[in-house]
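Sequence lines set the chain letters: A, B, ... in the order given, protein chains first and strands last, and positions in each chain run from 1. Values reported hereafter were calculated over all heavy atoms of this structure, with side chains retained and with hydrogens, waters and symmetry mates removed.
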Amino acid sequence: MPRILLLSPADLDLPENTVAAGLADPDTEIVHRRVIYPSCPPVGAHDWTLADLAMMAAGQNAQAEGFDAVCLADFGDYGANALRSLLDIPVVTAGRASMLHALTLGASFSVLATERDYVRAKKIVHEYALDAQCAGIRLFKSNTDLVERAAQAEVLVLAGATQNAGLEALNIPMVDPLSLVVKLAESLVGLSLTHSRRAYPAPQMRKAELIAAISSVG
Amino acid sequence: MAKVLVIVPFPMDDDNLSKRKAQLNAVKLGEGIEFDFKPVRIAPVNYVSQQDSVLADVGILEAGLQAEKDGYDAVCIDTMSDSGMSALRSVLDIPVIGPGRHSMLLALTLGEKFSILAMWDRWRHLYTKTIAELGLQHKCASLRSAGLQPNNQSLLAGKEDEFFPALYEAAMRCIEEDGADVIILGSTTMHEAHAYLAERLPVPIINPGPLTYRLADAAIKLKLAHSRISYPSPSHVAADRLAEMGQIAAGL
């Protein structure tokens with residue numbers, strides 16, 4: 001029975017049972033924990049650094065707790081690389097996974113983001129070297145003219161809280177990162193696959209206690 | 001019960017088809033999904049030239065054309081070349097999963113760079129095509145082969161002692177000399193070597209066929225198929241013509 005730890009940012013206030021019924025395999029157990037970022041919303045580098053720490057602290061013991069995979073629901077992928085360095089189990093992250101998965105469905109993708117994730121989305125698109133495949137990052141403020149602009153995308157990635165943007169009428173694939181990370185985590189567990197230690201080497205000395213202590217400040 | 005059609009890219013008898021079906025044993029699948037394996041009728045003898053690629057595209061298109069009408073919920077293509085994937089996506093609304101494209105993109109969720117480990121160099125063009133389509137040349141550490149003649153019917157049977165160590169050596173060169181974080185098996189026909197390599201290599205190694213089965217399941221549950229903008233529908237589907245071509249090829 002795969003046990004998945006789902007970490008979501010508290011400011012998005014996702015419901016406890018945020019994964020749609022019937023989406024996960026019947027024997028999958030999902031434990032959803034909300035993670036409070038010290039500086040919110042995470043719109044700049046200062047906030048991102050603290051979000052990295054918060055996510056790392058929330059997930060660092062996942063393996064010891066008996067989880068088979070960790071899913072990070074925040075499109076910003078905060079703490080993702082750090083958690084991969086600390087854990088042997090798969091760490092599936094909303095931003096990276098959803099943009100790469102979008103390229104299985106079309107030649108390019110657009111990201112629909114709120115102001116919360118807009119700058120971060122630009123950063124991670126570049127960091128993952130997907131500039132050429134990303135047709136654009138659209139700022140979602142209201143539905144005004146959005147439908148027309150979004151319709152130019154081959155595939156739309158719905159970052160952050162844009163899942164309910166009312167775009168269902170568009171006849172294009174829309175990747176919901178949260179649902180996707182759960183299915184990919186199950187897939188990786190089912191295939192006995194996890195991240196590469198070449199890309200994410202373990203630290204020479206773990207600092208679990210320090211991480212727990214400094215992240216509990218406040 | 002969800003039904004997935006796995007298109008096997010060569011005509012073959014039941015014995016050899018069972019070697020392809022054995023890929024199902026390499027992955028834990030959720031409940032409520034079943035896989036039917038169907039060999040094509042139109043095929044080249046192997047995949048080493050552009051002639052072969054065209055024949056493969058046509059053969060796989062013909063084999064999968066009716067999949068949606070036949071009640072399938074998704075199609076997997078059992079070749080890393082992704083032959084026929086684009087053509088089938090243009091006519092089907094159900095997900096069509098090609099192991100080449102999907103394994104490269106999944107590899108980039110596990111590491112920064114991947115290498116593709118092939119049996120022989122004559123498969124190089126299969127990978128360079130997909131890598132170029134994805135625009136991910138800078139993410140591919142290398143394409144390496146073990147210099148072994150493949151057999152797309154009997155696969156690796158009886159040659160394990162010679163082939164497995166040779167594949168391991170080539171994989172280690174991908175890691176140590178080329179900087180690969182992740183290795184992708186260059187063919188679904190190499191699946192019998194996966195467990196041997198996975199036990200010994202210091203990095204993840206993707207078994208592309210079983211990966212497609214999980215991703216088909218995910219696509220069905222997520223209700224997520226390809227973009228019609230990327231894969232526009234034809235003005236006319238040449239169904240009768242393709243069926244006739246299949247009958248002719250089967251009779252040759």
query: Which one, A97(A), A102(A), S196(A), leads in non-hydrogen pairs under 4.5 Å with chain B?
result: S196(A)
- prompt: Side chains of H101(A) and L224(B): closer than 4.5 Å at any heavy-atom pair?
  reply: yes
- request: Using atom types as modelled and distance alone, determine if a side-chain donor or acceptor of R96(A) lies under 3.5 Å from a backbone N or O of L108(B).
  value: yes
message: Using a 4.5 angstrom heavy-atom cutoff, name the option from E112(B), H102(B), E133(B) with the most pairs to chain A.
response: H102(B)
message: What's the separation between atom OG in S227(B) and atom CG in L105(A), rounded to the nearest 0.5 Å?
response: 8.0 Å
query: How about E31(B): does its CD atom have over 12 heavy atoms from other parts shown lying under 6.0 Å from it?
result: no
Proximity of residues 194-221 of chain B to chain A, residues having a non-hydrogen atom under 4.5 angstrom: P202(B), V203(B), P204(B), I205(B), I206(B), P210(B), L211(B), R214(B), L215(B), D217(B), A218(B), K221(B)
query: Side-chain contact, heavy-atom cut-off 4.5 Å: L100(A) with L106(B)?
result: no
task: Answer yes or no: does atom CG of N17(A) have more than 12 heavy-atom neighbours from other residues, nucleotides or ligands under 6.0 Å?
output: no
query: Based on non-hydrogen pairs under 4.5 Å, which of K139(B), M104(B), R89(B), M85(B) is most in contact with chain A?
result: R89(B)
query: What are the two closest heavy atoms between G106(A) and S230(B), and how far apart are they?
result: CA-OG, 3.1 Å
- line: Whatever's closer than 4.5 Å to a heavy atom in chain B on S179(A) counts as both
message: For the interface with chain B, which of V182(A), L193(A), L184(A) has the highest count of heavy-atom pairs at distances below 4.5 Å?
response: L193(A)
message: Applying a heavy-atom distance below 4.5 Å, give me the residues of residues 119-133 of chain A that approach chain B, sorted by number.
response: Y128(A), A129(A), L130(A), Q133(A)
Donor-acceptor contact below 3.5 Å, side chain R198(A) vs main chain E176(B): no
field: E65(A) CD: over 12 foreign heavy atoms closer than 6.0 Å
entry: yes
Under 4.5 Å from any heavy atom of chain B - which part of V189(A): backbone
message: Counting only non-hydrogen atoms closer than 4.5 Å, does I175(B) touch chain A with its backbone (N, CA, C, O), its side chain (CB onward), both, or neither?
response: both
